Protein chains: 2
Amino acid sequence: MKEIADGLKALSEEVRLRLLLLLHSQGELCVCDLIGALNLPQSTISRHLSYLKNSGWVEGSRRGVWMHYRLTPQLSPLMREILDALAREAANRPETKRDAGNLALYRQNKQSDEAC
Amino acid sequence: MKEIADGLKALSEEVRLRLLLLLHSQGELCVCDLIGALNLPQSTISRHLSYLKNSGWVEGSRRGVWMHYRLTPQLSPLMREILDALAREAANRPETKRDAGNLALYRQNKQSDEAC
DNA sequence: TGACAATATCCGCTTATGCGGATATACGGT
DNA sequence: ACCGTATATCCGCATAAGCGGATATTGTCA
């Protein structure tokens, strides 16, 4: 029971929830995309990604200096179901649209030669 | 988004998760039943019930000195869906059966004239 | 009115947890 | 090998949060 509670603990903090919802809708993103989308300091994003990785929500893969994250395929059916429900609920919320809009803007402004 | 995270915060602590799952399966229980089921101090149970009430998960009704709790009918569809999924997952877990067994035992041993 | 029981709240303590800036580490390019 | 960039981790700080025993409050009964 404690493992279920611990799995949910990841979702009970707004920054991590926003990160997971972005990864849920976008598939895979690199750290700079997530920083651009959430408009938070790099250390904040990195620390939460580390937390999510350690609690079994995401996995990361390094491509040169760039680090990419996605939902882990090993997500349990329970957590997948919960995240799906959260995603449906959040889909039309202004905060979700703001994060997605920031992401699009960030990508637009990125110089192509420094793309991750 | 923070309200969703705060709603989930209630579930990210084992005692509250067990309380909610018991109420989910049993409908309505009084405080002494919950104390008997979880085998935790009265103040622990009471504090968590207060938390759950304040965060919109349960409602309480007083009957004389006895206090009864149930899931609030005003639970949002999202939270209801999440709790349903958790209940299905937890249904066959040993901890869930232990709590239900303790509840049955407690009720069996209760003197009928001090029943709540 | 006083005693008793049920429950809510408080208290001191301890642990958990999030923050952003600073720094350590790793990678790639020259 | 050095420099620049990306990312992970650390640090000091501050706040959050859970615990069980003690206590305050409420309701009931005689």
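Every chain is numbered from 1, with letters handed out A, B, ... down the list of sequences. The structure presented is a predicted model; accordingly, all values stated were derived computationally and were not measured.
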Transitive ILVMFWY side-chain link A/Val15 to A/Leu8, under 4.5 Å: yes

Any B/Leu29 side-chain heavy atom under 4.5 Å of B/Leu19 side chain: no

Within-4.5 Å side-chain heavy-atom neighbours: A/Trp57 and A/Gln74: no

Distance in angstrom units between A/Leu34 CG and D/dT7 C1', rounded: 13 Å

Nucleotide C/dA8, atom P - distance to NE2 of B/His68 in whole Å: 12 Å

Atom-pair distance (OH on B/Tyr51; P on C/dA8), nearest Å: 17 Å

Sugar-phosphate, base or nothing in reach of B/Arg16, heavy atoms under 4.0 Å: sugar-phosphate

Distance in angstrom units between B/Leu38 CG and D/dG20 C1', rounded: 15 Å

Interatomic distance where CD1 belongs to B/Ile45 and P belongs to D/dC19 [whole Å]: 9 Å

B/Arg63 CZ to D/dT26 C1', straight-line distance once rounded to whole Å: 17 Å

Whole-Å gap separating P (C/dA8) and CH2 (B/Trp66): 13 Å

A/Leu78 and B/Arg88, any side-chain heavy atoms less than 4.5 Å apart: no

Side-chain touch A/Asn39/A/Asp99, heavy atoms, less than 4.5 angstrom: no

Pairwise salt bridge (charged side-chain N to carboxylate O under 4.0 Å, His left out) hits with a residue in residues 23-39 of chain A, at least two apart: A/Glu28-A/Arg63, A/Asp33-A/Arg107, A/Asp33-A/Lys110

Whole-Å distance separating the CD atom of B/Glu13 from the P atom of D/dA16: 17 Å

Validation row: B/Cys30, B/Tyr69 side chains within 4.5 angstrom (heavy atoms): no

N/O (side chain, A/His48) to phosphate O (OP1/OP2, C/dT17) under 4.0 Å: no

Comparing A/Lys9 and B/Ile35 on DNA chain C - which has the more 5′ nearest nucleotide: B/Ile35

Taking N or O atoms only and anything under 3.5 Å, show me the protein contacts with nucleotides 8-11 of chain D, one pair per line.
residue: D/dA8; atom: OP1; partner: A/Tyr69; partner atom: OH; Å: 2.5
residue: D/dA8; atom: OP2; partner: A/Ser46; partner atom: OG; Å: 2.4
residue: D/dA8; atom: N7; partner: A/Gln42; partner atom: NE2; Å: 2.9
residue: D/dA8; atom: N6; partner: A/Gln42; partner atom: OE1; Å: 3.1

